[in-house]
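Single-structure report; data block below.
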Amino acid sequence: MGTEPVKSVRVLTPSGMLGAGWDHATIERGIALGADVISIDGGSTDSGPHYLGSATAKTTAKAVARDLRSLFTAAAEAGIPVIVGSCGTSGTDRGVDWVAGIAAEVMAEEGLDLTVAKIYSEQNAADLKEHLNAGRVHPLPPLGELRAETLESCTHIVGAMGHEPIVAALRAGAQVVLAGRATDTAVAAAYPLMMGMPAGPTWHAAKIVECGGQCTTNPRAGGVLATIDADGFTIEPLDPTVSCTPITVAAHMLYETVNPFEMREPDGTLDVRDARYTALDDRIVRVEGSKFHVAGQYTIKLEGARVTGYETMSFAAIRDPLILADVDAWAELMRTMIRQRVGQTLGLADGEYAFDLRLYGHNAVLDDLEPESGPPREVGVMLLVNAPDQATATAVAKVANPLMLHLPAPGMDYLPSFAFASSPAEVERGAAYEFVLNHVVDCDDPLSLFRIELGENTRA
Amino acid sequence: MPDTTLADLAHEVRSKNAGPFWVTMEVFLRDAEGYRIAADESFLNERVIAELYRVEESTVQVFRIPSLNVVKISFPRPVSQGSLRDRDMHAGQHHVPLARLPVRRDDR
């Protein structure tokens, strides 16, 4: 790593997620435009608590291998680093090892010998309880104070690292950094910050590139290239047929954020209130005026998920207009009948299991917020049961099965038959999870919650 | 004729998770005139959102961004993500009641 000060740093982000795929030509184009680093997110909490709770990935090994091959071959030839954040969707230690294993195979096949750093972000409840007892853990809205039992109930807990552990790995000589849970922005911000770029433009650029082509006129197109310098940054799509405009770039600051003007990172807050977006031409946008306010206290955000029970699903469909004329009344009768039959046959009280009956085609998505009314043409009836163990959840669904097939509407004097979508009708979904942590830990050292392994010492 | 709705004034109305605990929605108005209507605090405010989504008024945040002709709204997720009662994992379809909000004729 040279020590000469640089005037600008170019960050190539090929996509919003590793494993999503892209046209390799866009990577070559980014390299030709002078990319200094490739950064890409490997996950998020977006798709729900299952991935963190079970420490499994949303993406497939084949797709991840394909994307890593595209990145490693291009980066090795150009001699630039590759940074992957939130490996394996949730950034658990298992997720990091999973991506590292795929990376090792790809490198072996391509004859590449890149130095890989793995950064582990998983936390254990016992250590966190010490932080909690010392008053160093604080809730973020809308959650309240953390209780020790909540930490103990989690199957997995990760801390979302800032840029510092990634910078430490790069300084130690890593050519490929495979990070556990990291803030989406830290992945793109690490290299430019290491090279001395200012925090305001760097964090703002990192937020804009984190979803790849989403800040362009065609979100389906490939990635983007951000060039950060002392006064701001420019951003352009890697697909030459696509554009960034001041509106598409500014609008991306709104995406998946509660507050469109501020974004908290471990070491401070990005403030884009005074940012100005200017079209340099019909494809490239210049952004200036982004600020970063360093926080008085460095904090690491925790994410944790726990098992809420086990789920079994069954699905039938109704097309009969007589039933659909008042399907709400039918559904209400169904709920009553299920409780009754489960009590009679399994001896379970209402509190010993739970179910949700969803009428797809009627109000399944919005439930009681649904503004439309009137008879639908057809309705899919999903029964989702949650119980403390899988056998009980399935038993409840099996007891409901004759009702899902035959329950007459109120006032109906014959037995209708509904359209099951599959046989057997019950699908066991396994463990169900929920996120229970939305808390930060005060840390004096940005590296203290993370463990970096460099080179050959694979844990896989 | 049905009333004009917020969707009629907008290029896009969308909703999405902002992390596991928040829902956020954006109304991208077509022009400054649409923005003037949507950004009017007597028309669209925390109380209206609280009623539409059955959430606590004090938890609703409304951001008005004239430079983009955007009104953005955030509130804590009433149903825990991935729970038995969560029927919209990414909160991606929650914009519909907002999009259907009628715009009074004298506002037009």
Side-chain angles (χ1 to χ4, degrees), chain A residues 44-53 140-143 160 246-248 250-251 253-261 273 275-277 301 303-305 308-309 311 353-356 358-360 363-372 382 384-387 393 432-438, chain B residues 5 7 11-12 14-28 49 51-56 58-65 67-102:
Chain A
S44 85
T45 59
D46 198 37
S47 297
H50 170 84
Y51 303 101
L52 175 60
L140 298 175
L143 265 56
I247 297 285
T248 65
M253 193 60 210
L254 309 178
Y255 187 68
E256 294 180 331
T257 53
V258 170
N259 183 321
F261 305 117
R273 271 179 194 79
R276 298 174 304 279
Y277 303 81
K301 191 174 160 194
E303 293 169 353
T308 62
E311 287 183 353
Y353 67 101
F355 67 87
D356 194 27
R358 307 174 179 185
L359 304 179
Y360 282 92
N363 68 352
V365 177
L366 293 175
D367 199 5
D368 55 359
L369 300 179
E370 175 56 57
E372 299 280 356
M382 181 195 284
L384 193 57
V385 182
N386 182 300
Y433 299 88
E434 67 178 343
F435 289 115
V436 287
L437 299 183
N438 195 36
Chain B
T5 64
H11 165 65
E12 182 187 0
R14 69 183 186 187
S15 59
K16 188 72 176 61
N17 300 347
F21 299 98
W22 288 81
V23 176
T24 191
M25 308 189 289
E26 286 110 26
V27 186
F28 290 85
I49 296 298
E51 283 172 11
L52 214 49
Y53 288 92
R54 297 184 200 173
V55 291
E56 188 60 44
S58 62
T59 65
V60 177
Q61 300 183 26
V62 180
F63 303 92
R64 297 175 178 84
I65 312 169
S67 59
L68 294 174
N69 289 332
V70 166
V71 177
K72 181 176 171 78
I73 296 149
S74 299
F75 55 83
R77 227 176 192 285
V79 178
S80 163
Q81 189 186 17
S83 73
L84 183 66
R85 309 282 169 206
D86 182 21
R87 293 143 168 233
D88 187 1
M89 206 63 63
H90 301 81
Q93 291 289 298
H94 271 63
H95 60 285
V96 174
L98 176 65
R100 285 175 40 104
L101 194 64

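Proteins come first, then strands; the chains are lettered A, B, ... in the order of their sequence lines, and each starts at number 1.
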Using a cut-off of under 4.5 Å for heavy-atom pairs, which of [options] has the most such pairs with chain B?
{"options": "Glu311(A), His50(A), Arg358(A)", "result": "Arg358(A)"}
{"options": "Val385(A), Asp368(A), Val436(A)", "result": "Asp368(A)"}
{"options": "Leu140(A), Thr308(A), Leu143(A)", "result": "Leu143(A)"}
{"options": "Ser47(A), Ala432(A), Ala305(A)", "result": "Ser47(A)"}
{"options": "Asn259(A), Leu384(A), Asp46(A), Ile247(A)", "result": "Asp46(A)"}
{"options": "Thr45(A), Val258(A), Asn386(A), Leu369(A)", "result": "Val258(A)"}

With a 4.5 Å limit on heavy-atom distance, are the side chains of Phe435(A) and Leu52(A) in contact? yes

Is there a side-chain contact between Thr24(B) and Thr257(A), using heavy atoms and a 4.5 Å cut-off? no

If one checks every heavy atom of Tyr255(A) against chain B at 4.5 Å, the contacting part turns out to be both

Distance check, rounded to the nearest 0.5 Å: Lys301(A) atom NZ versus Asn438(A) atom CG? 5.0 Å

Sort [X] into side chain, backbone, both or neither according to what part of it lies under 4.5 angstrom from a heavy atom of chain A.
{"X": "Ile73(B)", "value": "neither"}
{"X": "Arg77(B)", "value": "neither"}
{"X": "Phe21(B)", "value": "both"}
{"X": "Asn69(B)", "value": "neither"}

Can you sort out the partners of Tyr53(B) under ring-ring contact (aromatic ring centres under 6.0 Å, His included), two or more places apart, ordered by chain and number? Phe75(B)

Choice from [options] maximising heavy atom contacts with chain A below 4.5 Å:
{"options": "Asp88(B), Leu68(B), Thr59(B)", "answer": "Leu68(B)"}
{"options": "His94(B), Gln61(B), Glu26(B)", "answer": "Glu26(B)"}
{"options": "Gln81(B), Met89(B), Gln93(B)", "answer": "Gln81(B)"}
{"options": "Leu84(B), Val70(B), Ile65(B)", "answer": "Leu84(B)"}
{"options": "Pro20(B), Gly82(B), Ser80(B)", "answer": "Pro20(B)"}

Any donor and acceptor pair, going by atom type alone, linking the side chain of Thr5(B) with main-chain N or O of Pro102(B) inside 3.5 Å? no

Whether Ser15(B) side chain and Ala91(B) backbone form a donor-acceptor pair below 3.5 Å: yes

When you check the gap from the basic side-chain N to the acidic O, do Arg85(B) and Asp367(A) get nearer than 4.0 Å? no

Give me each pair satisfying salt bridge (Lys or Arg N to Asp or Glu O under 4.0 Å) with a member in residues 89-102 of chain B, each pair once, sequence neighbours excluded. Glu372(A)-Arg100(B)

Please name the pair of heavy atoms, one in Leu254(A) and one in Arg14(B), separated by the smallest distance, quoted to 0.1 Å. CB-NH2, 4.0 Å

So which heavy atom on Arg87(B) is nearest to which on Val365(A), and how close? CB-O, 4.0 Å

